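One structure is given here, and the rest of the page talks about it.
As the structure is a computational prediction, the values presented were derived from the model and not from experiment.
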Amino acid sequence: MESGSGELRAAALHWLVTVDCDTKVAGVKRLRENWQKGDITLDAVATLHPVLPVPGRPQRPQLVSPLNVKHRSMRTPEGRAALIHALAHIEFNAINLALDAIWRFAHMPPAFYSDWLRVAAEEAHHFTLLSAHLQTLGFSYGDFDAHNSLWEMAEKTKGDVLARIALVPRIYEARGLDAVPMMRAKLLQAGDAAVAGILDIIMHEEIGHVAIGNHWYAWLCEQRGLAPITTFQTLVQNYEAPPLRGPYNQAARRQAGFTEEEMRLFYP
């Protein structure tokens, strides 16, 4: 299957199980271009079955417990590269997460699939930028260990689109809104102005990605007749989501569509 064409959800699954990073990134970008041109169909009701492991990922980086990810000093080039590698790994996971949402969850409106394809393509661009910058420092994606906690939550929530949207974009991805400005400041202080510019691009687009998560969470709650606040609290407890910790980037979270009630209760 040449999966820059054909049917969107099947193509998303094709690129999700693709192992090679560069091939996956190029395929996702091409898929979105062809979707925007109207060359891709959508079957929102098909039941799809992967025949290869989900997600497709290269043999490296080695995945370890978050507690076993080695912390390095930002004063060294290796330490700065390790931080950029960690960011690249997050973006690679985010590509897979967006593709997974497209193929896995049937019976959603066309805009749902279009939104997550946009996210996948933008995350692919972020990965490309960070991976290329890593190479200017003498390292490549895969050179450092990484952890898999983001995908572990994706596995937990694979049976319910509401749980997936409530917990992955609105907790894990939203954490980036809090963390990126601090990481940018550290890297800029260490003399890496180029990566600071990359993080500006990422920050701007991640606000949009979290906003997509907030939009579809509210939509799903409305469709199911659920109260968003209490439903979120229940899902956090039932799926053992990580505890929320500040400081929070309140301005960015408001831009991303968190309500004032949520800000008051969860992100003071």
Side-chain angles (χ1 to χ4, degrees), residues 83 86-87 90-91 93-95 97-98 101 108-109 111-127 129-130 149-150 153-154 157 160-189 195-239 241-268:
L83 177 55
L87 293 169
I90 290 169
E91 299 297 337
N93 266 320
I95 300 168
L97 283 163
M108 294 293 286
F112 175 87
Y113 303 106
S114 184
D115 278 350
W116 292 111
L117 180 58
R118 168 193 155 189
V119 172
E122 291 178 351
E123 303 290 17
H125 181 55
H126 300 169
F127 176 81
L129 292 173
L130 290 166
S149 58
L150 182 57
M153 181 54 74
T157 57
D160 183 5
V161 63
L162 176 66
R164 171 68 64 83
I165 299 302
L167 301 179
V168 174
R170 300 178 78 249
I171 290 183
Y172 285 86
E173 293 192 68
R175 277 179 161 181
L177 305 184
D178 306 322
V180 166
M182 291 182 283
M183 288 187 283
R184 181 191 185 280
K186 287 182 181 179
L187 288 162
L188 191 59
Q189 187 176 25
V195 80
I198 293 171
L199 292 180
D200 287 340
I201 294 170
I202 291 174
M203 184 68 181
H204 173 73
E205 293 183 345
E206 291 296 341
I207 289 172
H209 300 174
V210 177
I212 287 170
N214 278 324
H215 167 77
W216 288 109
Y217 176 68
W219 185 88
L220 285 159
C221 285
E222 183 178 0
Q223 292 294 305
R224 299 186 187 188
L226 299 171
I229 296 290
T230 55
T231 299
F232 179 67
Q233 292 171 315
T234 300
L235 290 169
V236 165
Q237 182 175 9
N238 289 351
Y239 287 87
L244 301 167
R245 294 190 182 94
Y248 302 110
N249 187 338
Q250 294 182 331
R253 283 177 174 271
R254 285 187 170 93
Q255 279 185 269
F258 286 98
T259 66
E260 288 304 316
E261 186 178 7
E262 288 176 305
M263 295 301 300
R264 185 175 68 255
L265 289 174
F266 304 133
Y267 315 113

Worksheet item: Regarding His209 and Glu123, is there a side-chain donor-to-acceptor distance under 3.5 Å anywhere?
Response: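 Short answer, yes.
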
In Å, rounded to the nearest 0.5 Å, how long is the span from [atom1] of [X] to [atom2] of [Y]?
X: Gln250; Y: Leu177; atom1: CD; atom2: CG; value: 12.5 Å
X: Leu199; Y: Met182; atom1: CG; atom2: CE; value: 12.5 Å
X: His215; Y: Ile212; atom1: NE2; atom2: CD1; value: 9.0 Å
X: Met263; Y: Arg254; atom1: CE; atom2: CZ; value: 4.5 Å
X: Ile202; Y: Leu129; atom1: CD1; atom2: CG; value: 6.5 Å
X: Ile229; Y: Thr259; atom1: CD1; atom2: OG1; value: 5.0 Å

Fill in: Exceeds 12 heavy-atom contacts within 6.0 angstrom, atom CD of Glu222
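No, not enclosed.
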
Discussion item. Would you say CZ of Arg224 has more than 12 non-hydrogen atoms from neighbouring residues, nucleotides or ligands within 6.0 angstrom?
Written reply: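 Yes, enclosed.
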
Item to complete: Would you check, one step at a time, whether the test side-chain contact (heavy atoms from CB on, under 4.5 Å) holds for Ile90 with Tyr172?
Response: CA-CA 10 Å; Ile90 290 169; Tyr172 285 86; over 6 Å; no

Discussion item. What I'd like to find out is whether the side chain of Trp219 reaches to under 4.5 Å of the side chain of Phe112, using heavy atoms alone.
Written reply: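 They are not in contact (no side-chain heavy atoms under 4.5 Å apart), so the answer is no.
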
Discussion item. Minimum heavy-atom separation for Tyr248 and Asp178, please, with both atom names.
Written reply: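 Taking every non-hydrogen atom into account, CA-OD1, 3.4 Å.
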
Worksheet item: Do side-chain atoms of Arg170 reach the backbone of Asn214 as a donor and acceptor pair under 3.5 angstrom?
Response: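 No; judged by distance alone, with no hydrogens or angles, the pair does not exist.
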
